[in-house]
Amino acid sequence: MSEKVVTRFAPSPTGYLHVGGARTALFNWLLAKRTGGTFILRIEDTDQKRNTPTATQQVMDDLRWLGIQWDEGPEVGGPNGPYLQSQRIDIYNKYIKKLLDEQKAYYCFDTTEELDALRKEAESQKKSFSYSRPKEFPNESDVEKAKAQGRDVTVRFAVPQDVPMVVADIVRGEITFAAGAIGDFIIQKSDGFPTYNFACVVDDYLMKITHVIRGQEHLNNTPGQQALWRALFSSPLPKYVHMSVTVSDTGGKLSKRERPKTLRTAIKAKQDIDLEKLAETGNITPEQLDSFIKGKAMPDIPAIDAMAEYLGAALPEINIVDFFKSGYLPETMVNFLALLGWNPGDNREIMVLDELTESFDLSRLTKANSLFDRRKLLAFNTEHIKMTPPEKLLQHLRAYLKTVNSPVNSAEDELLLKIIKLCEGARTLVDIERKSRFLFLDNDEIEYDNKAVKKVLLKNDGLAVLTIVRDKLAAMEQFTEQVIEDMLRCLTEEKQVGLGKIAQPLRVAICGTTVSLPIFESVQMLGKKDTLTRIDTTLKKFAAEN
RNA sequence: GGCCCCAUCGUCUAGGUAGGUCCAGGACACCGGGUUUUCAACCCGGCAACAGGGGUUCGAAUCCCCUUGGGGCUACCA
């Protein structure tokens, strides 16, 4: 009888939840759910400089949007709290003292500059840097002295140097690090906070974590963490899994930096930008903008987003919210992320959370890095939109419309459901919004797409056809889809043309673009009065140009 | 530079832990055709891979070694 599985997702609150983090969270969650275990959310906020105040909330919102709910953690509590590391300092101090007392850790007084110099020297000798442990550990009075001199005090863990260290990874097997390969590392910073490598070990122990599933970028930390665990605790180590990294199509790890990078490229590519206006849009100073363009500084996320919108530049989606704003469903994200480095072993691809949970198995994790392919993601979204029940899709659509502030949001549920059904084949929620938008604009808010006007109104007698259609519509007593369809089809026979020749001018007249809901429904839903008004406006506006 | 991980179609991957049933299967993308009132969706067909070199073996995508290539880490960040 094996013990109950306990996993955890331990983000540092430095910003929004990004796809890499979401995937880590998902795999941890899936394993816990699959085995009837517990999934813990722990916030690793031990870096005072990097934490953003709202990040924890954002991360939690995004996890919930994905359907990943934690059993223990912030807002839900649990027996192993608190779940914010910044509230656990006393606990860490206790263990640091223990290590110090047992001579397994020691004080250091080096400055950053001194350490940098040592590192440089090691590199120039083509050796890996390893902190050289003092023969005798400084005592309390040394600490007082150093403090009096204004020196920073840190604590280092004395890593056993005489034996090789072996990390047993569930998917990768045993990984050996040579004796002495892991140098003494800092476990307490000069501000009194523990480092990640320390707090993580203590909390994994206290929270009884059985499986640590994390990115491959943590593999090199593991031997040190294991050594720490053994120095502190007698119970067996948790099991480790280091997942492959998700790489970007631009090469390298998929990173939040890609958005600012893309924006910078976009700014440079355009010659005629009003930089002052741009800075103002992002609510930053022209100097800040300048240093951003030169690659020296990094504005915050709202500034990046605002400037991108101002320029009409599409930034790659990296954060989970980016995908939400691009009209992706949470079901899509969870499905796609799960298949990045894992598969169920048969040819199934489109799966919902329940199916993923049922099929999940650590032994089916892939070792190789995988590339985040947005085109496949789009295909997945198309599938999920197709298979999601309209009522559920309605909820997703509402949330989307609300955040993008769409006029379509004013529609009643019943109408929105009808629209959803008419949008069969949509790839994202953006498609649905775009196709139905014209129904919720005032007549004078219609913007004409130049290309559409040229192609369907100013060519092939578009305006003439539109005039005929207008009169037939005006003459109608009933204004149902069927009557409208009959009339238009009848016209195609008279004129011996395809329906496109007749429908498209009408579509452009009422929508301003060539893309909308199916034409009969479009006209019927808009209603006779507005349809005629829009046609008249169109005829008047473009008659002169013809 | 050092340490560590990885390597099947353009991409995600199946197959590799019991070597033959794999002249390598699926999906996305792409190409060609069809359907069509727009955008999509949909239907049919097609292209396309075991990184290279050595072993082991009757036989290797599957096991071993080297090379090459990609990635990660190298902080008083996590």
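Every chain is numbered from 1, with letters handed out A, B, ... down the list of sequences.
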As a test of reading the structure: which of B/rC39, B/rA14, B/rG71 is closest to the side chain of A/Arg434, going by heavy atoms? B/rC39
Gap between atom NE2 of A/His242 and atom CD of A/Glu217 - 0.5 Å precision: 9.0 Å
Nearest-nucleotide pick for A/Thr382, side chain only, options being B/rC76, B/rA41, B/rU13: B/rA41
Send over the distance from A/Leu422 CG to B/rU36 P, rounded to a whole Å. 20 Å
Here the distance between atom P of B/rA40 and atom CG of A/Asn381, to the nearest Å, is 16 Å
Taking only N and O in the side chain of A/Asn220, is any of them less than 4.0 Å away from OP1 or OP2 of B/rC4? no
Considering just the side-chain nitrogens and oxygens of A/Lys386, establish if one lies under 4.0 Å of OP1 or OP2 belonging to B/rC42. yes
Min side-chain heavy-atom separation A/Leu228-A/Tyr205 under 4.5 Å: no
In whole angstrom, what separates A/Ile432's CD1 from B/rC39's P? 18 Å
To the nearest Å, give me how far apart CD1 (A/Ile385) and P (B/rA40) are. 14 Å
Under 3.5 Å, is there any donor-acceptor pair linking the side chain of A/Asn197 to the base of B/rA78? no
Below 4.0 Å: OP1/OP2 of B/rU11 and any side-chain N or O of A/Arg375: no
Taking only the P atom of each, what is the distance from B/rA51 to B/rA78 in whole angstrom? 39 Å
Pick base, sugar-phosphate or nothing for A/Gln216, based on heavy-atom distances below 4.0 Å to the nucleic acid. base
Taken to the nearest whole Å, CZ/A/Phe380 to P/B/rA29 is 11 Å
Using a 6.0 Å cut-off, check whether atom NZ of A/Lys189 has over 12 heavy atoms from anything other than its own residue. yes
When all nucleic acid strands are considered with a 4.0 Å heavy-atom cut-off, which category describes A/Ala181: base, sugar-phosphate, or nothing? nothing
Just to confirm, is there a sub-4.0 Å distance from OP1 or OP2 of B/rG15 to any side-chain nitrogen or oxygen of A/Arg364? yes
Look at the aromatic rings of A/Phe185 and A/Phe157 and report parallel, tilted or perpendicular, splitting at 30° and 60°. perpendicular
Please determine whether the number of non-hydrogen atoms from other residues, nucleotides or ligands lying under 6.0 Å from atom CD of A/Glu424 exceeds 12. no
Provide the Watson-Crick or G-U wobble partner of B/rU68, both distances under 3.5 Å; none if there is no partner. B/rA7
Salt bridge or not for A/Arg151 and A/Asp142, using N-O below 4.0 Å? no
What's the CG-C1' distance between A/Asp346 and B/rG25, to the nearest Å? 13 Å
Comparing nearest nucleotides in RNA chain B, the 5'-proximal residue of the pair A/Arg172, A/Thr514 is A/Arg172
Would you say the side chain of A/Thr154 and the base of B/rC76 hold a donor-acceptor pair, judged only by whether the two atoms sit under 3.5 Å apart? no
Does OP1 or OP2 of B/rA78 have a side-chain N or O of A/Arg50 closer than 4.0 Å? no
Considering just the side-chain nitrogens and oxygens of A/Ser370, establish if one lies under 4.0 Å of OP1 or OP2 belonging to B/rU13. yes
Any idea which of B/rU37, B/rU13, B/rC4 is nearest the A/Thr366 side chain? B/rU13
Below the 4.0 Å mark, does B/rA78 have OP1 or OP2 next to a side-chain nitrogen or oxygen of A/Thr46? yes
Atom-pair distance (NE2 on A/His18; C1' on B/rC77), nearest Å: 13 Å
Measure the distance from CD1 on A/Ile175 to C1' on B/rC73 and round it to the nearest whole Å. 13 Å
